[in-house]
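Notes for the one structure printed next.
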Amino acid sequence: MTSEKALSRLLGSKNYRDLCPDTVRREFEKQLTRQPDAARAEKAARERLHALSLAFMTPGEIKAARACLAAYAEGDEGALLRALMLHASTRERLSTYTELYARLKEECGDIQSVFDAACGINPLLLGSLGFSDVLGWDINGAAVSLVNDWAAAAGWRVRAQCKDVTLSLPPERFALALAMKLLPVLETNEKGSAMALLRGIDARLFLVTFPTRSLCGRAGGMEKSYSAWFEAALTDEFVLRSRFLCGSELCYIVEKAH
Ligand SMILES: C[S@@+](CC[C@H](N)C(=O)[O-])C[C@H]1O[C@@H](n2cnc3c(N)ncnc32)[C@H](O)[C@@H]1O
C-alpha cells in the first residue's frame, strides 16, 4: 500500500475521521519516518491518536452525549451531568469541580476571558458555572461540535475550535489559560512540547492540572512524579502562585512573569 493510500484511509476511517486532520497527518508522517511500511505506520498512528484523544472520549460516547444534548434542549437539566460523565476527564472532576472553580475565582479574581487548551468537553462546565468569553481548542472535532451546539442551546458565550495546540495557538490575549490534565499527554507524545505550550499561550494566569490516578484508577506515585517534573520545569518565566489537590486532580496556578 502507498503512503498516500494509507493516510487517506486513516483520515476517512470511522473512528478517526473527526480528529483534526493536521494532527492525523503529523502522527502518520512521524510514524512513517520510524517505519517505512505504510500499513504498519498507519497502525502505529492509530495507536498514538487513540492515546492522544479517543482514550478519553470515544465516538460512541460522543453519540451518547448528543442524546443528552437533545434531552437538555427539551428541558432535562440533569442531562448536562450525564454528558459530562462521558469524557474521562470531566467524569473524574464531577464531584470536585465546584470546589476547584470556586478556588480559581477566589485566587484569580474577575476572569474576563479564558482559553481552555485541549478542552475536551470541560467548556460545558465553564459555561454552566457562568464563565463567559471562553474559547476551547481540541483535536476531537466531534467533542468540539458538541460543545458549540450545547453552548448555543444554553445561550453561553462559549465556543470551541478543532485545532491542535502544538501546531498553532490563538493570537488573542487571555486573562486565564487552562491546561488541564494535558501536559503529560503532550510530553509523552513529544518531549519539550508541554512547556513550549505554556510559553506560547498569551495569558497572564494559568491553571495547570495533572491526574493523580491513571485512566484505570491506579495511583502509582503520579502526584509525586508530576509535582517533581512540573516544579523543576518552571523557569523564571513563571511564578508559582499556588499548588493544591482537588479530589484526584493536582492543581497549580501560575503567573507568567512578563
Ligand atoms: C486528558 S484529556 C483533558 C481534557 C480537558 N482538558 C479536561 O481536563 O477536562 C486530553 C484532551 O486533549 C486533547 N488533545 C490531545 N492532544 C491535543 C493537541 N495537541 N491539541 C489539542 N487537543 C489535544 C484530547 O482530544 C483530549 O480531549
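Just so you know, ligand 1 is whichever comes first in the structure, and atom 1 is the first atom listed for that ligand. Scope of the values below: all heavy atoms of this structure, side chains included, with no hydrogens, waters or symmetry mates. Here the structure is a predicted model, which means the values were calculated and not measured.
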To which protein heavy atom is atom 24 (C) of ligand 1 closest, and what is the distance rounded to 0.1 Å?
Leu52 O, 3.3 Å
Please check if the side chain of Lys181 supplies one atom and the backbone of Thr209 the other of a donor-acceptor pair under 3.5 Å.
no
If we number the atoms of ligand 1 from 1 as shown, the ones under 4.0 Å from a heavy atom of Ser53 are 24 (C), 25 (O)
Of all the non-hydrogen atoms in the protein, which one sits nearest to atom 3 (C) of ligand 1, and at what distance?
Ser89 OG, 3.3 Å
Where do Arg103 and Ser242 land on the side-chain hydrogen bond (donor to acceptor under 3.5 Å, both in side chains) test, with the steps shown first?
CA-CA 11 Å; Arg103 173 131 189 200; Ser242 61; 4.5 Å; no
Could you list which atoms of ligand 1 come closer than 4.0 Å to a heavy atom of Arg93?
7 (C), 8 (O), 9 (O)
Would you call the rings of Trp156 and Tyr72 parallel, tilted or perpendicular, where under 30° means parallel and over 60° means perpendicular?
tilted
Glu42 and its salt bridge (charged side-chain N to carboxylate O under 4.0 Å, His left out) partner, picked from Arg9, Arg48, Lys5, Arg25
Arg9
Select one of side chain, backbone, both or neither to describe which atoms of Ala88 lie under 4.0 Å from any atom of ligand 1, heavy atoms only.
neither
Has ligand 1 got any nitrogen or oxygen that is less than 3.5 angstrom from a nitrogen or oxygen of Val185?
no
Can Thr166 and Asp164 be counted as having a side-chain donor-acceptor contact under 3.5 angstrom?
yes
Got the closest protein heavy atom to atom 19 (N) of ligand 1, with its distance?
Asp164 OD1, 2.8 Å
Close-contact set for ligand 1 against Asn122 heavy atoms, below 4.0 Å:
9 (O)
Nearest-contact summary for atom 26 (C) of ligand 1 - protein heavy atom, Å:
Asp138 OD2, 3.6 Å
Note, Lys63 side chain near Pro59 side chain (heavy atom, < 4.5 Å):
no
If we number the atoms of ligand 1 from 1 as shown, the ones under 4.0 Å from a heavy atom of Leu186 are 19 (N)
Side chain to side chain, Leu49 and Asn15, heavy atoms closer than 4.5 Å:
no
Assess the pair Trp137 and Phe115: is the distance between their ring centroids shorter than 6.0 Å?
yes
shortest atom 20 (N) of ligand 1-to-protein heavy-atom contact is with Val165 N, 2.9 Å
So which heavy atom in the protein is nearest atom 21 (C) of ligand 1, and how far is it from that ligand atom?
Lys163 O, 3.4 Å
Looking at atom 12 (O) of ligand 1, what's its closest protein heavy atom, distance included?
Ala118 CB, 3.3 Å
If you measure every N/O of His87 against every N/O of ligand 1, is any gap under 3.5 Å?
yes
Side-chain donor-acceptor contact under 3.5 Å, Glu61 with Thr58:
yes
List the steps and the verdict of side chain to side chain contact (heavy atoms under 4.5 Å, CB included) for Arg91 and Leu86.
CA-CA 7 Å; Arg91 179 165 60 242; Leu86 294 163; 5.5 Å; no
Suppose we measure from atom 16 (N) of ligand 1 to each protein heavy atom; which comes out shortest, and what is that distance?
Ile139 CD1, 3.8 Å
Between Met57 and ligand 1, find which residue part has any heavy-atom pair under 4.0 Å and reply side chain, backbone, both or neither.
neither
